[in-house]
Trainee: 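Okay, here's the structure, questions in a sec.
Note that the structure is predicted; figures quoted are calculated from it, not measured. The residues of the chain are indexed from 1 along the displayed sequence.
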Amino acid sequence: MASTSSTYRADVVLVGGGLANGLIALRLRALRPDLRVILLERDKRIGGEHTWCHFETDVSPAIGGWLRPLVVHRWSGYEVRFPAHRRALDTAYLAITSQRLHEAVSTALGGDVWLGATVSDVSPHQVTLSDGRRITAATVIDGRGPRRSRSLVLGWQKFLGQGVRLSKPHGLTRPIVMDATVPQLDGYRFLYVLPLDSTRLLIEDTRYSDGDALDHADVRAAIAAYAAQQGWTIAKVEREEHGVLPIALAGDIDAYWREARAQVAEVGLRAALFQPTTGYSLPDAARLAEQIAALPHITSAHVRTCAEAHSKAAWRRRRFFRLLNRMLFRACAPDQRYKVLERFYRLGAPLIQRFYAARLTPFDRARVLMGKPPVPIVAALGYLGESSVIEDKV
């Protein structure tokens, strides 16, 4: 055990062992092997207990190539289910688990993964741990998850998932990304199901809600009821994961970054990098990891500039998604929100791919809004601009 007065030196310190910093660690090891990278994680495992999914079309082929060793499951398509519409789509869907991320980063960094490390202070060139140890470095990157801010107006996508083993085969060959045929509770609710093998599933109850509270016991009972309704008998619950993801409604991204500590680089959800409507964070995390590893000079100031620019550019490109979210959360009754998604999933498959990838064309945006709107027009008109929503919050 190191003494409390010990000081260590590194080139890069990654504060927090979540997805964003895990991917940065892997890209730095691959592209900048000369750098000493120390990753600090307060828990016993990198990534916690999570499954991160994305569509193959969400990232470039180059990024997909270096992500491939992390992919634990790949399905050739998926399906969605709504009360008045069911559909199967052929876009490939991929899953990365925290266990695989932990194994990959631990192998890449070896003894420079510090687990059980509680951080007490972060500055641009030094991190202090609660036991008094200090690490000095040219670069400190903070990836400790989202920070609360009055500059962003958010809804919430909250979920609890159980990895279960069934008493007999389930018969699914592809994921159910949304099953909204269930009772609509606490906002827009759907079940998300990943077939892991012939008798194992990840069953996740997800709710798009105005508040971030989640009653775990209630959701566990809801998952059990859903499994029974599908004719599945759960022999064992093998693992459980849960989380609350931000859904962006409006915000002042410049003010958000002014609130951050000067010259400390923030990444991942802490940098407001996520698909505004789905909450998917893996594509943004991978793109930023690639950009950081390619910087000619890796210092706190350079990484901060890179992450801030990437975050602001993404936020501004995605204003249309925040408009859709305001209509979903503010203009639509909670138990009617599913109709917005039911209508969306009648659109063309290429448009749906571009939606998930946050790369809608002007025609796509027009197409999404065409036809009879699933929300009251008068209510929707009140949320066209972001400023009024921000002012309501303040």
Trainee: Are the side chain of S281 and the backbone of F274 linked by a donor-acceptor contact shorter than 3.5 Å?
Mentor: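 Such a contact is absent between S281 side chain and F274 backbone.
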Trainee: If you count heavy atoms of other groups shown closer than 6.0 angstrom to NE2 of H297, is the number above 12?
Mentor: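 No, the 6.0 Å shell around NE2 holds no more than 12 heavy atoms from other groups.
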Trainee: Ring-plane angle category for F82 and H85, please: parallel below 30°, perpendicular beyond 60°, tilted otherwise.
Mentor: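 Plane angle under 30°, so parallel.
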Trainee: Distance check, rounded to the nearest 0.5 Å: L67 atom CG versus L282 atom CG?
Mentor: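 Between L67 CG and L282 CG, I get 6.0 Å after rounding to 0.5 Å.
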Trainee: Indicate yes or no for a side-chain donor-acceptor contact from N325 to the backbone of P276 under 3.5 Å, with no hydrogens or angles considered.
Mentor: yes
Trainee: First locate atom CG of L201, then atom CD1 of I234, and finally report the distance between them rounded to the nearest 0.5 Å.
Mentor: 8.5 Å
Trainee: Can you classify the ring geometry of W232 versus H170 as parallel (below 30°), tilted (30 to 60°) or perpendicular (above 60°)?
Mentor: perpendicular
Trainee: Run R200 and D197 through salt bridge (charged side-chain N to carboxylate O under 4.0 Å, His left out) and show every step you take.
Mentor: CA-CA 5 Å; R200 293 171 57 248; D197 62 29; 3.3 Å; yes
Trainee: Taking the six-membered ring of F329, is NZ or CZ of R337 closer than 6.0 Å to its centre and within 45° of its axis?
Mentor: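 Satisfied, under 6.0 Å and within 45°.
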Trainee: Is a side-chain N or O of T139 found less than 3.5 angstrom from the main chain of I298, in a donor-acceptor match?
Mentor: yes
Trainee: Should the ring pair Y78 and Y93 be called parallel, tilted or perpendicular, given that the plane angle runs from 0 to 90° and is split at 30 and 60?
Mentor: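 Because their plane-to-plane angle lies in the 30° to 60° range, the rings of Y78 and Y93 count as tilted.
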Trainee: Would you sort out whether R45 and S98 count as a side-chain hydrogen bond (donor to acceptor under 3.5 Å, both in side chains), showing the intermediate values?
Mentor: CA-CA 8 Å; R45 188 169 82 175; S98 51; 3.0 Å; yes
Trainee: Verify, without hydrogens or angle tests, whether R42 (side chain) and T118 (backbone) share a donor-acceptor contact under 3.5 angstrom.
Mentor: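 Side chain of R42 to backbone of T118, a donor-acceptor pair under 3.5 Å: no, none is there.
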Trainee: Using 30° and 60° as the class limits, which term best fits the ring planes of F55 and Y280: parallel, tilted or perpendicular?
Mentor: parallel
Trainee: Whether the side chain of Q162 engages the backbone of V164 through a donor-acceptor N/O pair (distance < 3.5 Å, no angle test) should be reported.
Mentor: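 No; judged by distance alone, with no hydrogens or angles, the pair does not exist.
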Trainee: To the nearest 0.5 Å, how far apart are CZ in R326 and CG in L323?
Mentor: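 Rounded to the nearest 0.5 Å, the CZ-CG separation comes out at 5.0 Å.
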Trainee: Please check if atom CZ in R9 has more than 12 non-hydrogen atoms from other residues, nucleotides or ligands closer than 6.0 Å.
Mentor: no
Trainee: Calculate, to the nearest 0.5 Å, the distance between atoms CZ and CG belonging to R134 and L129 respectively.
Mentor: 10.0 Å
Trainee: For F320, what residues pass the ring-ring contact (aromatic ring centres under 6.0 Å, His included) criterion, not counting sequence neighbours?
Mentor: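 Partners of F320 under the ring-ring contact (aromatic ring centres under 6.0 Å, His included) test: none.
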Trainee: I'd like to know if the side chain of R32 and the backbone of L295 have a donor-acceptor N/O pair within less than 3.5 Å.
Mentor: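 Here the side-chain-to-backbone pair exists.
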Trainee: Which heavy atom in G16 sits nearest to a heavy atom in N21, and how many Å separate them?
Mentor: O-ND2, 2.9 Å
Trainee: With rounding to the nearest 0.5 Å, note down the distance linking CG in L324 to CZ in R365.
Mentor: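 Spacing of CG (L324) from CZ (R365) equals 10.5 Å.
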Trainee: Mark yes or no for whether R239, through its side chain, and G161, through its backbone, hold a donor-acceptor pair below 3.5 Å.
Mentor: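 A pair under 3.5 Å: no.
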Trainee: Are Y226 and D179 close enough, and set up right, to give a side-chain hydrogen bond (donor to acceptor under 3.5 Å, both in side chains), and what steps lead you there?
Mentor: CA-CA 10 Å; Y226 176 79; D179 186 345; 2.7 Å; yes
Trainee: Between K312 (side chain) and A307 (backbone), is there a donor-acceptor pair under 3.5 Å?
Mentor: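 No; zero donor-acceptor contacts below 3.5 Å.
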